[in-house]
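Worksheet: one structure, shown below.
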Amino acid sequence: AMTTTLATHGGNGLSGHFWQGAFATLLATPCSAPFLGTAVAVALTASLPTLWGLFIALGLGMSLPWLLVALRPGLALRLPRPGRWMNMLRRLLGVMMLGSAIWLATLLLPHFGFVGQSTGKESVNWQPLSEQAIEDALAQHKRVFIDVTADWCITCKVNKFNVLHKDDVQAALQQPDVVALRGDWTLPSEAITEFLKKRGQVAVPYNQIYGPGLPEGQVLPTLLTRDAVLQTLNDAKGVTP
């Protein structure tokens with residue numbers, strides 16, 4: 001109703017168009033936040049050119065359909081005509097939004113003492129993350145794999161499914177000289193927050209590898225790849241005397 005009011009009574013001036021766009025963006029935020037959260041968090045801690053670049057890209061993505069129609073008005077004639085199919089589509093999208101709402105509601109369960117069980121294949125003996133654990137492992141000339149994750153982080157789940165739960169990666173993380181440390185940020189944790197801030201990070205996923213060959217630690221890409229994890233773990237061995 002608010003969108004219709006803005007469209008019909010908001011005027012055709014710059015002010016009217018601005019508020020229509022602002023409200024449309026507001027409505028889209030709950031749907032896009034789980035996917036854009038990491039990008040926005042990176043932008044807020046990145047350099048000024050990167051920050052502007054990310055937000056300009058988001059703006060272009062949001063406005064691209066309108067820009068295309070403005071450049072090629074004939075495209076509007078190729079759009080499907082209004083009809084009964086719109087009601088069916090609305091119901092389908094409604095079901096999808098309901099599913100998203102149910103999923104988001106399940107993320108609240110840990111706040112009420114319910115712990116979700118992981119369905120992924122996991123055989124790594126993860127230890128609690130701490131600076132002391134890193135120092136102890138390095139003192140023993142071991143490699144350290146750090147995984148900071150959260151149940152509400154979609155990118156974290158993608159990394160687990162595509163990389164961390166693969167057999168060869170699981171085998172690499174179970175080597176005798178590898179210590180796997182995991183920080184769970186599903187619930188607010190001051191310790192994990194400070195751990196990330198110390199490394200200039202404010203978002204998850206965050207993965208880092210230490211070792212004799214990487215005493216200062218190597219930060220992995222936000223979206224992990226099998227090759228990046230295995231190669232960095234190998235680099236962390238250092239030169240064998």
Side-chain angles (χ1 to χ4, degrees), residues 33-46 103-104 106-140 142-166 169-212 214-226 228-230 232-233 235-236:
F35 305 96
L36 297 180
T38 301
V40 173
V42 169
L44 295 178
T45 58
W103 171 71
L104 290 172
T106 63
L107 299 182
L108 296 175
L109 294 179
H111 294 268
F112 296 98
F114 298 96
V115 180
Q117 299 296 323
S118 176
T119 57
K121 181 174 57 177
E122 187 72 81
S123 55
V124 176
N125 182 26
W126 293 98
Q127 303 295 321
L129 174 64
S130 70
E131 298 286 0
Q132 187 62 50
I134 298 174
E135 295 176 6
D136 291 344
L138 291 177
Q140 300 174 39
K142 292 186 175 183
R143 293 175 288 168
V144 181
F145 182 86
I146 295 170
D147 179 39
V148 185
T149 183
D151 283 347
W152 40 261
C153 171
I154 292 180
T155 309
C156 301
K157 296 182 183 298
V158 171
N159 284 341
K160 291 176 183 177
F161 181 79
N162 288 335
V163 179
L164 296 183
H165 287 169
K166 297 300 182 183
V169 176
Q170 290 272 301
L173 294 178
Q174 294 180 78
Q175 293 298 308
D177 68 324
V178 174
V179 177
L181 304 178
R182 173 166 284 170
D184 190 346
W185 212 22
T186 300
L187 296 177
S189 169
E190 187 64 29
I192 294 179
T193 300
E194 289 301 318
F195 180 89
L196 293 173
K197 284 184 177 180
K198 185 177 179 180
R199 290 158 174 78
Q201 301 291 322
V202 294
V204 291
Y206 178 79
N207 297 97
Q208 189 176 22
I209 295 177
Y210 287 86
L214 297 172
E216 301 301 321
Q218 174 68 47
V219 178
L220 296 174
T222 300
L223 197 60
L224 295 179
T225 64
R226 170 188 168 278
V229 172
L230 295 179
T232 309
L233 279 171
D235 294 342

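The basis for the numbers below is simple: all heavy atoms, side chains too, and nothing from hydrogens, waters or symmetry mates.
Side-chain N or O atoms of Trp152 include one that pairs as donor or acceptor with a backbone N or O of Thr186 at under 3.5 Å. Between the side chain of Lys157 and the backbone N or O of Asp151 there is at least one donor-acceptor pair closer than 3.5 Å.
Here Asp235 pairs with nothing under the salt bridge (charged side-chain N to carboxylate O under 4.0 Å, His left out) rule; sequence neighbours left out. Val179 pairs by the side-chain contact (heavy atoms from CB on, under 4.5 Å) definition with Ala137, Lys142, Leu181, not counting sequence neighbours. Taking the side-chain contact (heavy atoms from CB on, under 4.5 Å) definition, one finds that Gln132 meets it with Ser130, Glu135, Asp136, sequence neighbours left out. By the side-chain contact (heavy atoms from CB on, under 4.5 Å) test, Val163 is found to be paired with Val169, Leu224, Val229, residues two or more places apart in sequence or in another chain being considered. Qualifying salt bridge (charged side-chain N to carboxylate O under 4.0 Å, His left out) partners for Glu131, counting only residues two or more places apart in sequence or in other chains: Lys198, Arg199. With sequence neighbours excluded, the residues that form a side-chain contact (heavy atoms from CB on, under 4.5 Å) with Leu223 are Thr155, Val158, Asn159.
Counting heavy atoms from C-beta outward, Thr225 and Asn162 have side chains that stay 4.5 Å or more apart. Contact of the Leu233 side chain with the Arg143 side chain is registered, since non-hydrogen atoms from C-beta on lie closer than 4.5 Å. Within the 4.5 Å cutoff, side-chain heavy atoms of Gln174 are placed close to those of Ser123. Side-chain atoms of Val148 and Asn207, non-hydrogen and from C-beta on, never get closer than 4.5 Å to each other. At a threshold of 4.5 Å between non-hydrogen side-chain atoms, the residues Lys166 and Arg226 do not count as touching. Between Trp103 and Thr106, some side-chain heavy-atom pair lies under the 4.5 Å cut-off.
Ring pair Tyr206/Phe195 is perpendicular by interplanar angle, where above 60° counts as perpendicular and below 30° as parallel.
A pairwise comparison of heavy atoms in Cys156 and Pro205 identifies SG-CB, 3.5 Å as the closest pair. Closest approach of Ala172 and Leu230 over heavy atoms only: CB-CD2, 3.7 Å. Leu138 and Pro215 make their closest contact through CD1-O, 4.2 Å (heavy atoms, listed as atom of the first residue, atom of the second, distance).
Taken from CD1 in Ile209 to CZ in Phe145, the straight-line distance is 5.5 Å, to the nearest 0.5 Å. Between Gln201 atom CD and Leu196 atom CG the span is 7.0 Å, to the nearest 0.5 Å. Put simply, CG on Asn125 and CD on Gln127 are 4.5 Å apart, with the number rounded to the nearest 0.5 Å.
Side chains of Asp147 and Thr149: a donor-acceptor N/O pair is absent below 3.5 angstrom, by distance only. For the 3.5 Å distance criterion, the side chains of Gln218 and Thr232 fail to qualify, holding no donor opposite an acceptor.
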